[in-house]
Each structure stands twice: as structure tokens, then as C-alpha cells.
2 protein chains.
Amino acid sequence: MTQNDTVTRILNAAETLFAEKGFSETTLRSITEQANVNLAAVNYHFGSKKALIQAVFARFLNPFCVLLDSNLDAFEAQTTKQTTDLHGVLGVLERTLLASLTGDTSQERLSIFLRLLGLAYTQSQGHMRRFLKSNYDVTYKRIVSVIQESNPDVSENDLFWRIHFAVGSMIFTFSSIESLRAIANNDLHTDNTVPDIVKMLIPFIEGGINRRLVAP
Amino acid sequence: MTQNDTVTRILNAAETLFAEKGFSETTLRSITEQANVNLAAVNYHFGSKKALIQAVFARFLNPFCVLLDSNLDAFEAQTTKQTTDLHGVLGVLERTLLASLTGDTSQERLSIFLRLLGLAYTQSQGHMRRFLKSNYDVTYKRIVSVIQESNPDVSENDLFWRIHFAVGSMIFTFSSIESLRAIANNDLHTDNTVPDIVKMLIPFIEGGINRRLVAP
DNA sequence: ATACGTTTGAAACAACTGTTTGAAACAAAG
DNA sequence: CTTTGTTTCAAACAGTTGTTTCAAACGTAT
């Protein structure tokens, strides 16, 4: 089907360019040029630029949420609530994140995925936040409650903020990972791969979330 | 002086609108309208929109870096290198951050400041990154080396990434703090102030950076 | 082959962008 | 008052943006 071909070519080009330059800075002309389709194709197939942005997110988030849900089912079935530990939950998250990005260039797509998420949080506060909230809120709420079960001794409010601190460290890191890797390479002469960085990030998050508050 | 008045009115309006909508999404017409100045005033006083963006950052970062530098001098004078601990360094950072934002609305300005920083990292990868690098790299490198002194047993590479995980958690949190507070208020019926959140964030960062890697 | 709904194509549209212009208003000094 | 340099103003400029239009090309059932 030539329609499907055009649609996916637009999605691929949009995904790359959005991650590179942001939403407002990416023009429909640059997208359709890179996709080798006519300018009018975007408005014909998606209706508007806003709808195209949402379609790019949906192509990522729909399979991810489905996979995460089933992985959480399996995880909860194999462990009782008492033994639910943060390390296990984060393991499920990490594996789902990597597995949901199929294909040979999964490393790059992980960065793109998280960079787009970061852009959605900072940029374009209007329609994207509503779109994410109305489509993926149930999955978000579930992962929060699972983490809460693994830390019953920390107050709900504290845990809520620690989770978002952790989300922030992850999104920020991968949003600017190209420049961070360049700095590390230049200053420290190290060349960390994306899995390397994930292996450092997960313990950081564990340490931050599990941290006991000490009296000053 | 009416010139200075126009300049600061433009800077105030630009600062607010940039933080609200981002750089590309904010038009010069909306800035000059909110500042009650003529449209041409921006190009007359600053030269271009890019230069205006950099001026907004300079107004924040210049006093902050000067203050941080002297605070680090005082901190290093009062403690030997052996006793340099992460807790103390983060305390200096926190106090400098809050103190550099003078005025009665310091809470709001802290959010605006960090939100702009986050935008500079994700959006507009070109001129802003060069501007930040060429103007504030010495201060950045100093704070990194001080943290490294406080954690001599962690490898340079690990510490580099943990520092950026921490920066990410801070920037991300304050970039979207309005919506996060709204969610917390709606879901948990809590109303955390900005200092409350800082008090939770600092221990999180300490826990993440100090975290010992455990064998799986 | 004919007819019909779908998809593509080139061109134009209206709106908005940052920037420039040149005259007017202003302030300060001779 | 006149002159000088600085600042403001309304208007226009040239370029780009997302979107629309409508005819041509396409694929597919009758």
C-alpha cells in the first residue's frame, strides 16, 4: 500500500527532525523533503502539524505501554507484595524500555524517544500534555503505585517527588546525550555507550529513591 | 534614565514569556507588547532576538557565578581537602542558588531560572550552547572538580555522569514544577512550596551521587 | 474499458515572523 | 534658541510558516 508507505516515511522523518530541532523549529517542508513526499501529504494524512506530533508519540508509547503492562503483570505474579523491591521494579522498567524499541538501531531510538518526551514536557505545554494525560495516565499511575508498594516506609508525597527527580535525571540525560558524551570524550577521554550510561543511571536512581533522610 | 527603563522592561517581559512558552514560540511582538515598548526597541537595544535571549541569561548567570565563586572560596578556606564532603558542597550550591535570586518573588524566579536553563539545553542547540560554554565554563568546571574532591573514591567518569543525572533531576523538576505541583495537589492533596521541594531534592541527589555500586 | 474513491502534485493563500527604515520626539550642551 | 546625539514610533519589508485548492495520476472494483 503506497498510503502506508507515505505515512511511515513521514513519521520517520518527523521523529528524527523533531528530536534534532524541537517541534516548533521543525517545518513541514523539511519533514516532507526528507521523507520524499509532497508538502500537502502531512495535512492530508494527519490533518495538521499538531496531529502529526501526537502520532509520532503514539507510535512510540502505544507498544511501550502495552509491553510494560504485561511485564508488570508477570512481575507482580512472581513476587508477593512484601518482597516487592525497588530494584526489581526498576529492572522491569529498564528491560521494557530497551525491548520496546525494536530494530537494529535501538540505542539511537532510545535517545530519540526520551528526548521527545523531554521536549513534550518543556516545550508546547498545551496540547501535548493533554494528549499524554488522556492517553497514558493509567500506565503512569500504575508504575507509581508499584514503586510505592516497594517503599512502604516512605511517605506518598516524598516518593512522588523522588520519582519525578528520577524521571528528570533520565529524560535530561538522554535529551542532551550527544553533547554530554562529547564533553566526556573531550574532558575525560572516555567513550560510554548508551547501555553503559543506563547501567550508571539505574544505581543513581536507586540511591536517590532509597535514601534515608538524615538529621542535619 | 529612560533607556535603562526600556531595557529592563524588555528583559523582564522576555524572561517571563520565554519561561512560559519557550524561545521560538515567543514573538518579539508579544514581548514588546507586554513590556509596553515599541516593536523596534528590541532590535535597537539588543541587536537581534538571539542577543536578547543571551542577555536574559547573562542577567541571571553573571551575579550567580560571581556569588558562587566567592562562596566556594569561603567554603574551601574553612575546610581542608580531607574533610571536604558532598553535603557541604551541595549546601553551598543550594544557598548560592537561593541567595542569587534577590527580590521578594525569589521562589518564582528560581523556577524561571532553571526552566530557562532546561530550555537552553534541549531547545536551540546552536548559539545558546556556545554562549554558555564560552562564558560560564570556568565556573562549571570548578564546581565539578570540587565535587570530585569530595568523592575521591569514585572514578572521574562515574562522577561526571552522576553529576549530570543530578543536574537533570533539578532542571527537569523546576522546568515543569507548576504542573508537578498541580498533580501532587490533585492526587495527594499536598501543597509543597519550592523550598520544600529543594529540601527533598538535595537528599535525593546526595543519595544518588554517594551511592555505592552493589554487585547484583 | 469505464467509473469511482483515494492519493499525489504544483501552486497559491493568508497569516505571521524578525528586521529595517526614516521621520518625529526627546534630552542635554553650546 | 539652536544643535547634537539618542531614543521612540508607525509603517513597511522580505521571508517563512501551516494550510488550502483543484487538477492530474493512481488503483480497483464493476
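Below, read A as the first sequence line, B as the second, and so on, with proteins coming before strands; counting in each chain starts at 1.
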task = Output yes when at least one side-chain N/O atom of A:His45 is less than 4.0 Å from OP1 or OP2 of C:dT8, else no.
result = yes
query = Of the nucleotides C:dA12, D:dA10, C:dT17, which has the atom closest to the B:Thr27 side chain?
reply = C:dT17
note = Ranking C:dT19, C:dA11, D:dT7 by distance to the side chain of B:Tyr44, first place goes to D:dT7
message = Distance check, rounded to the nearest 0.5 Å: B:Leu97 atom CG versus B:Leu68 atom CG?
response = 9.0 Å
request  = Give one of base, sugar-phosphate or nothing for A:Ala41, where a contact means two heavy atoms less than 4.0 Å apart.
outcome  = nothing
Per B:Leu28 side chain, nearest of listed nucleotides D:dT7, C:dG18, C:dT8 = C:dG18
Nearest-neighbour nucleotide for the B:Lys49 side chain, C:dG18, C:dT7, D:dT21 considered = C:dG18
message = Students often get this wrong, so: under 4.0 angstrom with heavy atoms, is A:Ser30 touching a base, only sugar-phosphate, or nothing?
response = nothing
query = B:Arg29 has an atom CZ; how far is it from atom C1' of C:dA15, in whole Å?
reply = 11 Å
inquiry  = On DNA chain D, does the nearest nucleotide to B:Val37 precede the nearest nucleotide to A:Val42 from the 5' side, or the other way round? Give the residue.
reply    = B:Val37
remark   = Residues pairing under ring pair (Phe, Tyr, Trp, His ring centres under 6.0 Å) where one sits in residues 129-148 of chain A, two or more places apart or in two chains, turn out to be none
For atom CG of B:Asn43 and atom P of D:dT6, their distance in whole Å = 18 Å
key: For atom CD1 of B:Ile31 and atom P of C:dC16, their distance in whole Å   = 17 Å
request  = Could you tell me if the ring centre of B:Phe23 sits under 6.0 Å from that of B:Phe18?
outcome  = yes
Nearest heavy atoms of A:Ser24 and B:Glu25, plus distance in Å = OG-OE2, 2.6 Å
A:Ile53 CD1 to D:dT17 P, straight-line distance once rounded to whole Å = 15 Å
query = Would you say A:Thr6 reaches C:dT7's phosphate, i.e. side-chain N/O to OP1/OP2 under 4.0 Å?
reply = no
key: Whole-Å gap separating P (C:dT17) and NZ (B:Lys50)   = 18 Å
Between C:dG18 (C1') and B:Phe46 (CZ): distance, integer Å = 15 Å
message = Need one value for A:Ser24: base, sugar-phosphate or nothing, where a base atom within 4.0 Å counts as base even if backbone is also close, heavy atoms only.
response = nothing
note = Between the OG atom in B:Ser176 and the CD1 atom in B:Ile171, the distance rounded to the nearest 0.5 Å is 11.5 Å
key: Spacing of A:Asn38 atom CG relative to C:dG9 atom P, expressed in whole Å   = 5 Å
ask   = Which whole-number value in Å describes the distance from B:Asp5 CG to C:dC26 C1'?
value = 15 Å
